[in-house]
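In what follows, a single structure is set out as structure tokens and then discussed.
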Amino acid sequence: MSTVVTRFAPSPTGYLHVGGARTALFNWLLARHTGGQFLLRIEDTDLARSTEDATRQLLEDLKWLGLQWDNAEFVYQSKRVAIYNKLIDGLLDRGQAYEAWETPAELDAMREQATRAKRPFIYRRRQYSADDMKRFADEGRKSVIRFIQPVTEHRFHDIVLGKDVVQPPQESQDFVIRKTDGMPTYHFGVVVDDADMGITHVLRGQEHAKNTFNHIALQAALGYDRPIYAHLSVMLSPENGEKLSKRDRDGRIRKRCQEWMRSTKTQPESLAGSAGVPVERLTEWLNTPTQQLSLEEQPKVMKIVGLKEADLPEIMVHDFRKNGYVPEVLNNFLALQGWSPGNDLEQMTMADMVEKFSLDRINIANPKFNREKLKSFSTDYFAKAAPEQQLVAIKDYLAANPQSPLNRATDEQLADVLRMNRGYRLLSEVDEKSAFLLLPDEQLQYDQAALDKFLLKNDRGGAIALAGMRDVFVGVTDWSITGLETAVQDHSERTQQGLGKLAQPVRVAISGGAVSPPIFDSLAFLGKDKTLARIDRCLAMASSA
RNA sequence: GGCCCCAUCGUCUAGUGGCCUAGGACACCGCCCUUUCACGGCGGCGACAUGGGUUCAAAUCCCAUUGGGGUCACCA
């Protein structure tokens, strides 16, 4: 058998979607497993939506995942228009394609009519009278080119399904291959480029299954070989059981808003007011699941209802990076969405996956994307990762999160932070828990609930304990984890106070909240001066409260 | 709605006619560990969608029903 050549062919309209990432991964895995080639092609024939920025982001995401492509000069469809046109001229000459003149509005009307008559809309060649043609010319209409799909049965073998998929003759339809703007449609570009690039295996989502009938008809007309087709399952959202989509994030915000308004008995008007979004806009959005908040509106609303970026379901590869996942983990998890190596094996390195990958172990049922399990893979990964590996990971995380105070840390400090956080699940968790260590004292924010609970409650019992701890700290000469531990243990035994009662007020004083890495590690990291300064500031706040 | 695809614990899955009183992982529930949040340890709950066939034998094969998903663009 000749060499396997696979490809990933995204359209550059934004960051890489996890669904796309999985498709890319499967293609990459197949190529690597067989010692074949994995090629990249940019499908930028939609001039209105494709941007250079998006292409850049896409490539960055792909590189981050480690899915290196083998064609140094990857293909841009927009640069191949002349090639497509020449082939389209050939089809025209041979009577396998023709010009069609309907406007989008006319087509819509035809579709609507078909729907009303409860029959499927099938476009077949129509005759235009001389009058029609004159009118089109007067109106300055532009034509599209449609391909004549032979009215016969179309059939292809799907290697994942393990069977033939058939389209009956009556469903044949003359589809557009060149748009009015002169660009080829997806169908045409794919077929020509796959052939030119020598693609042997097409692994793509099941949403493309029906397109395949168009593609094989075109291949026949153009005299191309047919690649092997494998249609992958569709990854479903746990939110609504439908195709994983960017919209899920918006849906989560809407759901949270509704809960929030119910529990706080807030009216949409006042939510709109505090968020700074027009009332009509907000209410309309609340009542219309198909509507989405803009990127500017989202954070405003989220802030009011207490949602963080990290609380939103990750959809784009970039989201996973920002939230502190490592590419190996994402890849591992994605591979298991629709594929299994068997033998109860789950956690694998990239090399393991390359070795085990095979088409006949691909599953066809649609999996729901289970983030909890992904998170647990992440936990296991970090637990086993060497310190140097973790350091590399957190630096990558910080590059994607420039606002994190941890960016001020030296490598040694980062290593220390990682060490004291052992058992963490995501890098974002390390960030959240440890940011206070790198924050200037005056930028530290105190959480009111934590102050109430651990300092003020029970006649300021916590504040009193904290004052006692301050005295202990003043006397500590060996400001190390063990030195601090010894001193505090002593104090605890002498004063008959449990460590819990002593540690929590200190934690609040130095971190601003009730959660931090282990207390002695944190204190040792901060140093004596900062510790005392923060305790003093906290004590002052407590006494004035 | 037409067409296409699918169907094992809540979720991801192992299982390819007898090894299955169905295995693993995540989640969940107990208990333990513990200065917070986590991590960890031990134990537990939990599935072959339903109905018909085929067969000595069915989670595994066939059919129907039900349920889910996809798709019906000058977007890819």
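Below, chain A is the first sequence line, B the second, and so on; all start at residue 1.
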Quick one: the side chain of [X] and the base of [N], do they pair up donor-acceptor inside 3.5 Å?
{"X": "A:Lys142", "N": "B:rC74", "answer": "no"}
{"X": "A:Thr180", "N": "B:rC74", "answer": "yes"}
{"X": "A:Gln206", "N": "B:rG69", "answer": "no"}
{"X": "A:Lys210", "N": "B:rC4", "answer": "no"}

Suppose you measure atom [atom1] in [N] against the same atom in [M]; what distance do you get, rounded to whole Å?
{"N": "B:rU60", "M": "B:rU16", "atom1": "C1'", "value": "7 Å"}
{"N": "B:rA7", "M": "B:rC63", "atom1": "C1'", "value": "16 Å"}
{"N": "B:rG51", "M": "B:rA59", "atom1": "P", "value": "13 Å"}
{"N": "B:rG15", "M": "B:rC72", "atom1": "P", "value": "33 Å"}
{"N": "B:rA27", "M": "B:rC42", "atom1": "P", "value": "15 Å"}
{"N": "B:rU34", "M": "B:rC9", "atom1": "P", "value": "39 Å"}

Under 4.0 Å between a side-chain nitrogen and a carboxylate oxygen: does that hold for [X] and [Y]?
{"X": "A:Lys163", "Y": "A:Asp158", "value": "no"}
{"X": "A:Arg126", "Y": "A:Glu102", "value": "yes"}
{"X": "A:Glu106", "Y": "A:Arg141", "value": "yes"}

- [ ] Remember a base hit wins even if backbone is also touched, and classify A:Glu102 as base, sugar-phosphate or nothing at under 4.0 Å, heavy atoms.
- [x] base
| Which part of the nucleic acid does A:Arg119 contact within heavy-atom distance under 4.0 Å: base, sugar-phosphate only, or nothing? | nothing
Legend entry - Full working for ring pair (Phe, Tyr, Trp, His ring centres under 6.0 Å) between A:His187 and A:His215: CA-CA 6 Å; A:His187 303 297; A:His215 301 173; 5.2 Å; yes
Taken to the nearest whole Å, NZ/A:Lys373 to P/B:rC9 is 14 Å
